Asks: 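Before we start, here is the structure in question, set down as structure tokens.
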Amino acid sequence: MQRGLEAVVARIARMTMRGAPLRISLTTETGTVVTVGRGPSVAVIGSIGEVAMWAFGRDEALVTFEGGDTDIELLGSVVRAL
């Protein structure tokens, strides 16, 4: 089931975040699921379920962020919905 969810998250991220002004890596305990966008790097880290919820636009997802402070702030403006 985890692999299937990773595939869905990767597809959604490629569709919704490809124009992001950041290079966004969606990462789980098993590694990076997908990296999209261009610019400074920011990582969104959590379990696949939480990363999926964040990728679908839920700000309350239990994820952590790695990157520069201004880049993480900019991440909040990235569209994550269809």
Side-chain angles (χ1 to χ4, degrees):
M1 184 161 123
Q2 182 168 334
R3 288 276 182 224
L5 191 51
E6 287 178 357
V8 169
V9 168
R11 272 194 306 266
I12 290 298
R14 285 187 194 106
M15 287 189 302
T16 62
M17 295 180 237
R18 69 175 167 240
L22 298 163
R23 186 171 170 80
I24 304 167
S25 295
L26 303 182
T27 305
T28 69
E29 60 275 355
T30 60
T32 299
V33 175
V34 66
T35 300
V36 295
R38 294 194 167 112
S41 294
V42 176
V44 179
I45 305 164
S47 68
I48 187 58
E50 296 295 327
V51 170
M53 286 190 287
W54 185 88
F56 278 97
R58 184 164 188 243
D59 292 328
E60 297 81 13
L62 299 176
V63 295
T64 58
F65 306 103
E66 286 184 4
D69 290 342
T70 56
D71 299 330
I72 291 172
E73 281 185 41
L74 183 59
L75 186 60
S77 68
V78 173
V79 175
R80 296 173 289 150
L82 293 174

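Sequence positions, counted from 1, serve as the residue numbers for this chain. Predicted, not measured: the structure shown is a model, and the values here were computed from it.
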Asks: Side-chain heavy atoms under 4.5 angstrom apart, residues restricted to Ile, Leu, Val, Met, Phe, Trp, Tyr: same cluster for Ile12 and Ile48?
Replies: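 No, separate clusters.
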
Asks: Would a hydrophobic clustering, with Ile, Leu, Val, Met, Phe, Trp and Tyr connected at side-chain separations under 4.5 Å, put Phe56 with Met15?
Replies: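 Yes, one cluster joins them.
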
Asks: Check Met53 against Ala61 and note the closest heavy-atom contact, atom names and distance.
Replies: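 Taking every non-hydrogen atom into account, CB-CB, 4.1 Å.
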
Asks: To the nearest 0.5 Å, how far apart are OG in Ser47 and CG in Leu5?
Replies: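 Between Ser47 OG and Leu5 CG, I get 9.0 Å after rounding to 0.5 Å.
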
Asks: For Val9 and Ala55, which heavy atoms make the closest approach, and how far apart are they?
Replies: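 So the minimum-distance heavy-atom pair works out to CG1-CB, 4.3 Å.
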
Asks: Minimum heavy-atom separation for Pro21 and Pro40, please, with both atom names.
Replies: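 The answer is O-CD, 3.6 Å.
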
Asks: How far apart are the closest heavy atoms of Gly46 and Val63, and which atoms are they?
Replies: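 Answer, listing the atom of Gly46 first, then Val63: CA-CG1, 4.5 Å.
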
Asks: Between Val8 and Ile24, is there a shared hydrophobic cluster once you connect ILVMFWY residues whose side-chain heavy atoms come closer than 4.5 Å?
Replies: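 Result: no, two separate clusters.
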
Asks: Any side-chain hydrogen bond (donor to acceptor under 3.5 Å, both in side chains) pairs touching residues 6-20, not counting sequence neighbours?
Replies: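 Listed by first then second residue: Gln2-Glu6, Arg3-Glu6, Glu6-Thr30.
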
Asks: With the side chain counted from C-beta on, respond yes when Leu26 and Met17 share a heavy-atom pair under 4.5 Å apart, and no when they do not.
Replies: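 Touching, per the 4.5 Å side-chain cut-off.
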
Asks: Are any of the side-chain heavy atoms of Leu74 and Val42 separated by less than 4.5 Å?
Replies: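 No, side chains not in contact.
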
Asks: Between the side chain of Glu50 and the main-chain N/O of Leu62, is any donor-acceptor distance below 3.5 Å?
Replies: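 The answer is yes, because a donor-acceptor pair under 3.5 Å joins these two groups.
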
Asks: With a 4.5 Å limit on heavy-atom distance, are the side chains of Val51 and Thr27 in contact?
Replies: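 Not touching, per the 4.5 Å side-chain cut-off.
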
Asks: Hey, could you give me the CD/CD1 distance between Glu29 and Ile45, rounded to the nearest 0.5 Å?
Replies: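 The CD1 atom of Ile45 is 11.0 Å from CD of Glu29, to the nearest 0.5 Å.
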
Asks: Look at Arg80 together with Asp59 and state whether they make a salt bridge at an N to O cut-off of under 4.0 Å.
Replies: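 The answer is yes: the pair qualifies as a salt bridge.
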
Asks: In the structure I gave you, are the side-chain heavy atoms of Phe65 and Val44 within less than 4.5 Å of one another anywhere?
Replies: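 In contact.
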
